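Atoms within each ligand, like the ligands themselves, are counted from 1 in listed order. Being a predicted model, the structure only gives us computed values, none of them experimental.
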Amino acid sequence: MPITIKSAREIELMTEAGRILEIVHNELEKALKPGMSTLDIDRLGEEIIRSYGCVPSFLNYNGYPASICVSVNEEVVHGIPSSKRILKEGDIVGLDAGVIYKGYHSDAARTHAIGEVSKEAKDLIRVTRECFFEGIKYAKEGNHLYDISRAIGRYATERGYGVVEDLCGHGIGSQLHEAPEIPNYEMNRKGVKLRKGMTLAIEPMINIGTHAVEWLADDWTVVTADGSLSAHYENTVLITEDEPILLTLSK
Ligand code: MF3
Ligand code: CO
């Protein structure tokens with residue numbers, strides 16, 4: 001499928017989808033506490049999403065059984081919420097969510113600390129977020145897609161982290177996953193030219209140890225191959241002639 005350029009009306013709808021998703025993330029962050037199950041997070045997230053008249057994009061997507069992906073510690077992404085998985089002080093938890101508003105998607109992820117966490121965990125969360133902001137320095141009309149990929153990948157590898165290569169960011173719009181794929185590592189070509197009206201979900205997934213990942217037997221949960229901690233940070237971004245607009249982050 002070609003990369004879609006969004007009309008003003010489509011951008012309006014995606015802006016609203018993004019605004020609502022930012023609220024969902026803020027509410028989930030406030031609710032996080034030790035003793036909570038990952039299913040509690042999913043239930044709360046779905047309730048907030050529906051309270052805004054939106055549909056959770058992930059629910060039943062390719063058979064995914066929940067609304068919020070909740071990935072704890074060595075889980076990279078796509079953790080399946082469970083009443084048996086209880087958060088405890090010292091954990092880090094990745095929350096990935098998407099909403100559909102009037103047929104248009106937004107997609108964003110955050111990684112949070114539960115209570116006091118190790119310095120290594122704090123640094124990982126911070127660097128993963130910084131990777132995103134390095135990447136979007138290049139997210140502007142006239143630049144090339146893999147300028148973003150290179151900036152993200154270098155920022156992480158220069159600091160000794162492993163960059164997940166088996167999963168990528170993506171275009172987004174009337175579909176959760178649209179062209180193009182957005183790797184988080186340096187490519188040996190330029191990639192497509194960025195144009196205003198493109199909407200991209202940019203989502204570095206960064207590990208303390210090896211970049212290598214594995215899938216659990218549930219066929220969804222992605223974990224680090226060496227068991228090291230992993231973090232995820234994502235926003236839906238609108239390309240313009242100037243600075244990109246972060247549809248899922250207002251501040
Ligand atoms: N942010 C994730 C992604 O872009 C969410 C997809 S989870 C799924 O891949 F359950 F919907 F597949
Ligand atoms: Co995504």
Side-chain angles (χ1 to χ4, degrees), residues 1 3-4 6 14 17-18 20-22 24-25 28 38-39 41-43 45-46 49-50 54-72 75-82 85 93-101 103-112 128-129 131-133 135-136 139 145 148-149 152 163-185 198-207 213-223 230-239 244 246-249:
M1 217 189 65
I3 301 174
T4 56
K6 274 71 179 183
M14 291 186 70
I20 293 166
L21 183 53
E22 181 175 11
V24 172
H25 269 297
L28 289 178
T38 58
L39 187 65
I41 298 170
D42 177 63
R43 293 268 163 83
E46 177 168 1
I49 291 169
R50 294 200 189 278
C54 292
V55 174
S57 351
F58 301 172
L59 186 61
N60 302 319
Y61 182 84
N62 291 337
Y64 185 76
S67 298
I68 315 288
C69 297
V70 186
S71 307
V72 184
E75 297 173 356
V76 179
V77 287
H78 303 169
I80 297 178
S82 160
R85 187 77 196 254
V93 58
L95 304 182
D96 190 356
V99 313
I100 310 171
Y101 176 76
Y104 282 83
H105 291 253
S106 57
D107 184 5
R110 308 280 182 258
T111 300
H112 300 294
T128 303
R129 194 170 181 280
C131 282
F132 169 86
F133 286 97
I136 63 162
L145 181 66
I148 300 173
S149 302
I152 293 172
V163 177
V164 175
E165 297 179 359
D166 287 356
L167 298 130
C168 294
H170 50 92
I172 180 168
S174 64
Q175 310 297 314
L176 172 59
H177 292 136
E178 297 188 355
E181 275 202 351
I182 310 171
N184 292 305
Y185 52 91
M198 288 181 176
T199 42
L200 307 175
I202 299 172
E203 50 179 319
M205 289 154 267
I206 307 296
N207 305 339
V213 298
E214 291 169 1
W215 271 257
L216 295 186
D218 63 22
D219 247 14
W220 276 107
T221 313
V222 181
V223 296
S230 183
H232 183 203
Y233 186 83
E234 172 181 30
N235 284 300
T236 299
V237 173
L238 170 65
I239 302 297
L246 306 185
L247 299 180
T248 49
L249 187 69

Requested in this report: Please say which of V70, V24, D42 ends up in a side-chain contact (heavy atoms from CB on, under 4.5 Å) with L95.
Outcome: V70
Report summary line: Exactly one of L238, I172, T199 clears side-chain contact (heavy atoms from CB on, under 4.5 Å) with K6, and that residue is T199
Report summary line: Taken in chain and number order and not counting sequence neighbours, the residues that satisfy side-chain hydrogen bond (donor to acceptor under 3.5 Å, both in side chains) with N207 are S230
Query raised in the report: Taking the six-membered ring for Trp, are F58 and Y64 parallel (under 30°), tilted (30 to 60°) or perpendicular (over 60°)?
Result: perpendicular
Query - H170 near the Co ion (ligand 2): N/O/S under 2.8 Å - result: yes
Query - Backbone or side-chain N/O/S of E234 under 2.8 Å of the Co ion (ligand 2) - result: yes
Query raised in the report: Do you know which two heavy atoms are closest between A97 and L21, and how far apart they sit?
Result: O-CD2, 3.5 Å
**Report entry** Closest non-hydrogen atom pair between Y233 and L249, with its separation
**Finding:** OH-CD2, 3.6 Å
Query - Angular separation of OE2 (E203) and OD2 (D107) seen from the Co ion (ligand 2), to 10° - result: 170°
Which protein N or O atoms sit under 3.5 Å from any N or O of ligand 1? Give each pair with its distance.
unit_1: ligand 1; atom_1: 1 (N); unit_2: D96; atom_2: OD1; d: 3.2
unit_1: ligand 1; atom_1: 1 (N); unit_2: D96; atom_2: OD2; d: 2.6
unit_1: ligand 1; atom_1: 1 (N); unit_2: D107; atom_2: OD1; d: 3.1
unit_1: ligand 1; atom_1: 1 (N); unit_2: D107; atom_2: OD2; d: 3.1
unit_1: ligand 1; atom_1: 1 (N); unit_2: E234; atom_2: OE1; d: 3.1
unit_1: ligand 1; atom_1: 4 (O); unit_2: D107; atom_2: OD2; d: 3.2
unit_1: ligand 1; atom_1: 4 (O); unit_2: H170; atom_2: NE2; d: 2.7
unit_1: ligand 1; atom_1: 4 (O); unit_2: H177; atom_2: NE2; d: 2.9
unit_1: ligand 1; atom_1: 4 (O); unit_2: E203; atom_2: OE2; d: 3.0
unit_1: ligand 1; atom_1: 9 (O); unit_2: H177; atom_2: NE2; d: 3.0

Query raised in the report: Is there side-chain contact between V164 and N184, with at least one heavy-atom pair below 4.5 Å?
Result: no
